[in-house]
Amino acid sequence: MTTRREQTSHESSELILRAAAELFAAKGYRQTTFADVAERSGISRGSIPWHFGSKEGLLLAVLERSVDLIRTGLAEEPAEGAEPEEVAAGFDRLMGGADALFAQPTTKLFVTLLVEALEPGSPIHGRYVEIHNTLRDHCRRWLERLPLPPGLSAETLAVTIIGAGIGIHQQWLLAPERVDPEQALVALRTLVDGAVLSAGE
């Protein structure tokens, strides 16, 4: 049974993680301090290293939590024996779910920290690889159940779809007055649907 102290500790950790994610996304990892996180979360500055050890530990915990949120938000994979129409409808929901994913503060966080992840010896490089692998693998498993044009593998199309989705999101963050992510995703879904429908004829 969870004690009151354990529950309070968990609640404090969640407040710190939420505040850190928002600040890392808005200011970047290097510009964010424990004092910033303490002010945003309402938790004392000294409690942060007690929970997470170091700023790097806090960053890794934020990314781990973000990966869990992405996995939770992904559509369920197609059931064995599902009809092609059911698989196609489920894949359409999967593509549509990208709208909700873009709205999450953690998605902006991934863009903000990309340069950090690409630096040699970066502690978050592995987490970024895991995030991209999770998205590609989930998309690929849906595509494997759909008819595809000859010579086009589910893996290659998954890479293309995820890459396009990430690119749309980055363009929207840079120029929100010019880029409509919802309409861009509709266009992407139309292109994918066209390829799948033509292959199934």
Side-chain angles (χ1 to χ4, degrees), residues 25 63-201:
L63 288 176
E64 188 66 38
R65 183 173 182 269
S66 299
V67 171
D68 290 341
L69 288 173
I70 286 177
R71 288 197 181 107
T72 301
L74 292 173
E76 291 184 10
E77 293 184 15
E80 289 294 329
E83 295 295 327
E85 294 78 9
E86 293 177 296
V87 177
F91 183 73
D92 194 55
R93 290 194 299 274
L94 174 68
M95 294 286 288
D99 294 341
L101 188 61
F102 279 5
Q104 294 183 16
T106 49
T107 308
K108 183 179 179 182
L109 173 70
F110 296 139
V111 177
T112 306
L113 295 178
L114 178 60
V115 174
E116 184 85 24
L118 292 174
E119 291 184 359
S122 168
I124 62 174
H125 176 80
R127 289 291 184 274
Y128 266 71
V129 172
E130 181 183 356
I131 290 164
H132 282 237
N133 285 343
T134 296
L135 293 171
R136 279 196 303 269
D137 290 347
H138 194 76
C139 187
R140 173 183 51 77
R141 285 191 286 268
W142 276 98
L143 290 168
E144 286 174 342
R145 305 290 297 278
L146 295 170
L148 298 178
L152 179 60
S153 70
E155 176 69 24
T156 299
L157 186 52
V159 170
T160 303
I161 291 171
I162 299 304
I166 292 172
I168 289 168
H169 185 246
Q170 290 176 343
Q171 291 182 72
W172 172 60
L173 289 174
L174 288 168
E177 73 285 352
R178 290 195 57 189
V179 177
D180 184 331
E182 184 176 345
Q183 288 301 312
L185 286 171
V186 168
L188 176 60
R189 289 164 64 184
T190 300
L191 292 172
V192 174
D193 287 346
V196 171
L197 289 174
S198 63
E201 292 176 352

Asker: Looking at every heavy atom in both A158 and L143, which two are closest together, and how far apart are they?
Answerer: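 Closest heavy-atom pair between A158 and L143: N-CD1, 3.6 Å.
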Asker: Can you list the residues that meet the salt bridge (charged side-chain N to carboxylate O under 4.0 Å, His left out) rule with R136, with sequence neighbours excluded?
Answerer: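 Per chain and number, R136 pairs via salt bridge (charged side-chain N to carboxylate O under 4.0 Å, His left out) with no residue.
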Asker: According to the salt bridge (charged side-chain N to carboxylate O under 4.0 Å, His left out) rule, which pairs have a member within residues 149-177, sequence neighbours left out?
Answerer: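 Those involving residues 149-177 are R140-E155.
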Asker: Taking only residues two or more places apart in sequence, or in another chain, which ones meet T156 in a side chain to side chain donor-acceptor pair (under 3.5 Å)?
Answerer: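 Side chain to side chain donor-acceptor pair (under 3.5 Å) list for T156, sorted by chain: S153.
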Asker: Who passes side chain to side chain contact (heavy atoms under 4.5 Å, CB included) against V179, sequence neighbours left out?
Answerer: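 Scan of V179 (side chain to side chain contact (heavy atoms under 4.5 Å, CB included), adjacent residues dropped) gives Q171, W172.
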Asker: Between C139 and I161, what is the shortest heavy-atom contact and its length?
Answerer: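 Of all heavy-atom pairs spanning C139 and I161, the closest is SG-CD1, 4.0 Å.
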Asker: Give, for atom CD1 of I124 and atom CG of L63, the distance between the pair rounded to the nearest 0.5 Å.
Answerer: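 The CG atom of L63 is 5.5 Å from CD1 of I124, to the nearest 0.5 Å.
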Asker: List in chain and number order the residues that pass side chain to side chain contact (heavy atoms under 4.5 Å, CB included) with L118, two or more places apart in sequence or in another chain; answer none if no residue qualifies.
Answerer: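 Per chain and number, L118 pairs via side chain to side chain contact (heavy atoms under 4.5 Å, CB included) with L114.
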Asker: Suppose we screen for side chain to side chain contact (heavy atoms under 4.5 Å, CB included). Which residues come up paired with L191, at least two apart in sequence or across chains?
Answerer: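 With sequence neighbours excluded, L191 shows a side chain to side chain contact (heavy atoms under 4.5 Å, CB included) to no residue whatsoever.
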Asker: Say you draw a straight line from CD1 of I131 to CD1 of I162; how long is it, rounded to the nearest 0.5 Å?
Answerer: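 Nearest 0.5 Å value for the CD1-CD1 distance: 12.0 Å.
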Asker: Which residues satisfy the salt bridge (charged side-chain N to carboxylate O under 4.0 Å, His left out) test with E119, sequence neighbours excluded?
Answerer: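 Counting only residues at least two positions away or on another chain, E119 forms a salt bridge (charged side-chain N to carboxylate O under 4.0 Å, His left out) with R30.
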